[in-house]
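One structure below.
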Amino acid sequence: MSENEKMPTDAGAPAETTAAPTDSSTPAETAASATPAAAEPSAAEQRGEAIGEHLASLEAEEKAAAATPEGEKADRKKHVGVIVAAVVFAVLLIGAGVAYSVLAPAADNKQIEVTGTDAVQETEVDAADDTGDGNGTNAATTPAPDFTMTDADGATLTLADFKGKPVLLNFWASWCGPCQSEMPDIQTAWKEHGTDVEFVIVNMTGMNGETEQSAKAFLADAGYTFPCYFDANNSAATAFGVNSIPQTYLIDAEGNILGGYMGAMTSSIIDEGIQMLLNTAKD
């Protein structure tokens with residue numbers, strides 16, 4: 001076939017090509033398809049969300065209620081209650097401070113300490129432990145503090161006036177029940193040993209309304225005849241730090257405290273104390 005007989009090419013026919021597939025999905029959709037599906041909330045998370053919603057609901061209800069006249073009134077009462085409680089607490093603190101300031105010095109100033117037991121408490125220690133100063137915790141003896149008092153006739157005397165004989169010193173008042181209970185035994189002991197032991201029975205005149213007249217009337221009505229003295233100016237109470245009665249002390253002939261007892265004594269306790277005093281006098 002000659003050149004002129006070759007078939008002409010149809011320029012209008014499009015060239016046959018293979019079309020590349022197109023992806024109509026968006027980048028976001030593509031990314032989403034590459035990510036695993038989000039996990040469902042756990043039971044704990046669901047409960048937490050429910051509790052949070054419930055609390056938020058309660059808070060909203062409280063705010064709504066507080067906005068009403070009744071709510072405002074209740075809120076004012078609540079604030080007043082808080083203020084009153086604070087004031088009461090402050091008063092209690094002040095009261096405790098005052099009580100401490102009053103009682104602590106009294107305890108510090110108390111020169112003799114005794115405890116009530118079933119036997120008289122001795123203050124004398126072993127001679128090997130004696131420091132020789134005659135006082136203090138390591139001393140063999142403790143000097144009795146002196147004080148003034150008056151007798152039934154109004155004459156003034158001191159505890160030191162009784163030196164030379166052992167002394168049974170007792171503090172009491174007519175209104176004191178425990179004091180009354182030990183009086184018969186004191187009377188009996190005085191009748192038996194009054195010539196060898198000085199019985200210095202001191203009435204706490206002025207304590208809780210006690211008077212010399214009421215004390216004398218009590219003694220007369222009961223028929224007690226032991227010597228009685230009166231602490232009209234609180235000299236004895238101050239010297240021995242007497243803040244409760246009855247209290248009893250055993251003092252030797254040199255004026256040193258041998259022992260003491262706090263509380264109502266029985267006859268056996270009084271006898272034990274008397275024997276301690278008599279044995280010391282013999283030594």
Side-chain angles (χ1 to χ4, degrees), residues 99 102-103 105-107 109-116 120-121 144-163 165-195 197-251 255 257 259-271 273-274 277:
V102 171
L103 296 178
N109 292 332
K110 186 176 181 180
Q111 301 183 35
I112 306 300
E113 182 179 356
V114 295
T115 57
V120 176
Q121 299 297 299
D146 201 13
F147 60 87
T148 60
M149 53 191 149
T150 59
D151 62 15
D153 298 324
T156 300
L157 63 162
T158 67
L159 181 62
D161 293 336
F162 294 92
K163 281 187 177 181
K165 266 189 180 182
V167 173
L168 185 148
L169 173 64
N170 176 269
F171 298 114
W172 73 286
S174 62
W175 47 260
C176 168
C179 300
Q180 296 174 11
S181 70
E182 68 180 3
M183 286 296 180
D185 294 322
I186 291 177
Q187 174 73 14
T188 300
W190 174 73
K191 284 184 176 181
E192 293 179 2
H193 305 286
T195 56
V197 175
E198 294 283 3
F199 282 69
V200 182
I201 313 302
V202 182
N203 177 259
M204 295 285 94
T205 313
M207 179 183 285
N208 289 355
E210 180 77 336
T211 65
E212 185 174 332
Q213 291 73 23
S214 62
K216 288 181 176 179
F218 169 79
L219 296 173
D221 292 342
Y224 297 132
T225 55
F226 51 73
C228 182
Y229 305 91
F230 303 93
D231 185 29
N233 59 0
N234 293 324
S235 177
T238 302
F240 277 80
V242 180
N243 52 23
S244 65
I245 50 177
Q247 290 186 30
T248 304
Y249 297 91
L250 306 177
I251 303 172
I257 296 178
Y261 191 86
M262 181 176 290
M265 297 183 293
T266 62
S267 60
S268 61
I269 292 175
I270 295 176
D271 290 342
I274 294 295
L277 290 173

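Quick note: residue numbers are just sequence positions, from 1.
- For Tyr229 and Phe162, the gap between ring centers is short of 6.0 Å.
- Judged purely by atom type and a 3.5 angstrom limit, Glu182 uses its side chain to pair as donor or acceptor with the backbone of Met265.
- To the nearest 0.5 Å, the span separating OG1 on Thr156 from CG on Asp151 amounts to 8.0 Å.
- We find the OG-CD1 distance between Ser267 and Ile274 to be 12.0 Å, quoted to the nearest 0.5 Å.
- Two residues are said to be in side-chain contact when any heavy atoms from C-beta on lie closer than 4.5 Å; Trp190 and Tyr224 fail this criterion.
- Here Leu159 contributes atom CG and Phe147 contributes atom CZ; the two are 4.5 Å apart, rounded to the nearest 0.5 Å.
- Put simply, the side chain of Asn234 never gets that close to the backbone of Ala237: no donor and acceptor are under 3.5 Å apart.
- Judged purely by atom type and a 3.5 angstrom limit, Gln180 uses its side chain to pair as donor or acceptor with the backbone of Ser174.
- Under the 3.5 Å distance criterion, with hydrogens and angles disregarded, no donor-acceptor pair is assigned to the side chains of Asp231 and Thr205.
- Asp146 and Ala160 make their closest contact through OD1-N, 3.0 Å (heavy atoms, listed as atom of the first residue, atom of the second, distance).
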Evaluation steps, side chain to side chain donor-acceptor pair (under 3.5 Å), between Asp185 and Thr188: CA-CA 5 Å; Asp185 294 322; Thr188 300; 5.1 Å; no
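- Looking at Trp175, its side chain does come within 3.5 Å of a backbone N or O of Met207 through a donor-acceptor pair.
- Between Leu277 and His193, every side-chain heavy-atom pair lies at or beyond the 4.5 Å cut-off.
- The nearest pair of heavy atoms linking Ala173 to Ile245 is CB-CD1, 3.5 Å.
- Panel note: side chain Gln187, backbone Thr225; a donor-acceptor pair is recorded below 3.5 Å.
- Checked by atom type, the side-chain pair Asp271/Ser268 shows no donor-acceptor distance below 3.5 Å.
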Ile257 and Phe240: CA distance, side-chain angles, deciding distance, side chain to side chain contact (heavy atoms under 4.5 Å, CB included) verdict: CA-CA 11 Å; Ile257 296 178; Phe240 277 80; 3.9 Å; yes
Criterion side chain to side chain contact (heavy atoms under 4.5 Å, CB included) on Trp172 and Met183, from CA distance to verdict: CA-CA 9 Å; Trp172 73 286; Met183 286 296 180; 3.2 Å; yes
Test log, rule side chain to side chain contact (heavy atoms under 4.5 Å, CB included), inputs Glu198 and Leu168: CA-CA 6 Å; Glu198 294 283 3; Leu168 185 148; over 6 Å; no
Side chain to side chain contact (heavy atoms under 4.5 Å, CB included) between Ile269 and Tyr261, worked out: CA-CA 9 Å; Ile269 292 175; Tyr261 191 86; 3.4 Å; yes
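- Distance CG/Leu169 to CG/Leu250: 9.5 Å, rounded to 0.5 Å.
- Within the 3.5 Å criterion, the main-chain N or O of Phe230 finds no donor-acceptor partner in the side chain of Asn203.
- Here the side chains of Met204 and Val242 are in contact, with some heavy-atom distance below 4.5 Å.
- Across Cys179 and Phe171, no two heavy atoms sit closer than the pair SG-O, 4.4 Å.
- Side chain of Lys191 to backbone of Phe226: no donor-acceptor contact under 3.5 angstrom is found.
- For the atom pair OG1 of Thr158 and NZ of Lys163, the computed distance is 9.0 Å after rounding to the nearest 0.5 Å.
- Residues Asn233 and Ser235 have side chains that never bring a donor and an acceptor to within less than 3.5 angstrom of each other.
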Check residues 212-221 and write down every donor-acceptor pair under 3.5 Å in which the side-chain atom is one partner and the other belongs to a residue at least two apart or another chain.
unit_1: Glu212; atom_1: OE2; unit_2: Lys216; atom_2: NZ; d: 2.9
unit_1: Ser214; atom_1: OG; unit_2: Glu210; atom_2: OE1; d: 3.3
unit_1: Ser214; atom_1: OG; unit_2: Thr211; atom_2: N; d: 3.1
unit_1: Ser214; atom_1: OG; unit_2: Thr211; atom_2: O; d: 2.8
unit_1: Ser214; atom_1: OG; unit_2: Thr211; atom_2: OG1; d: 3.0
unit_1: Lys216; atom_1: NZ; unit_2: Ala152; atom_2: O; d: 3.1

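- By the 4.5 Å heavy-atom criterion applied to side chains, Ile186 and Asn170 are counted as neighbours.
- Shown here for Ser181 and Pro184, the closest heavy-atom pair between the two residues is O-CD, 3.6 Å.
- If you take CG on Asp161 and OG1 on Thr148, they are separated by 10.5 Å, rounding to the nearest 0.5 Å.
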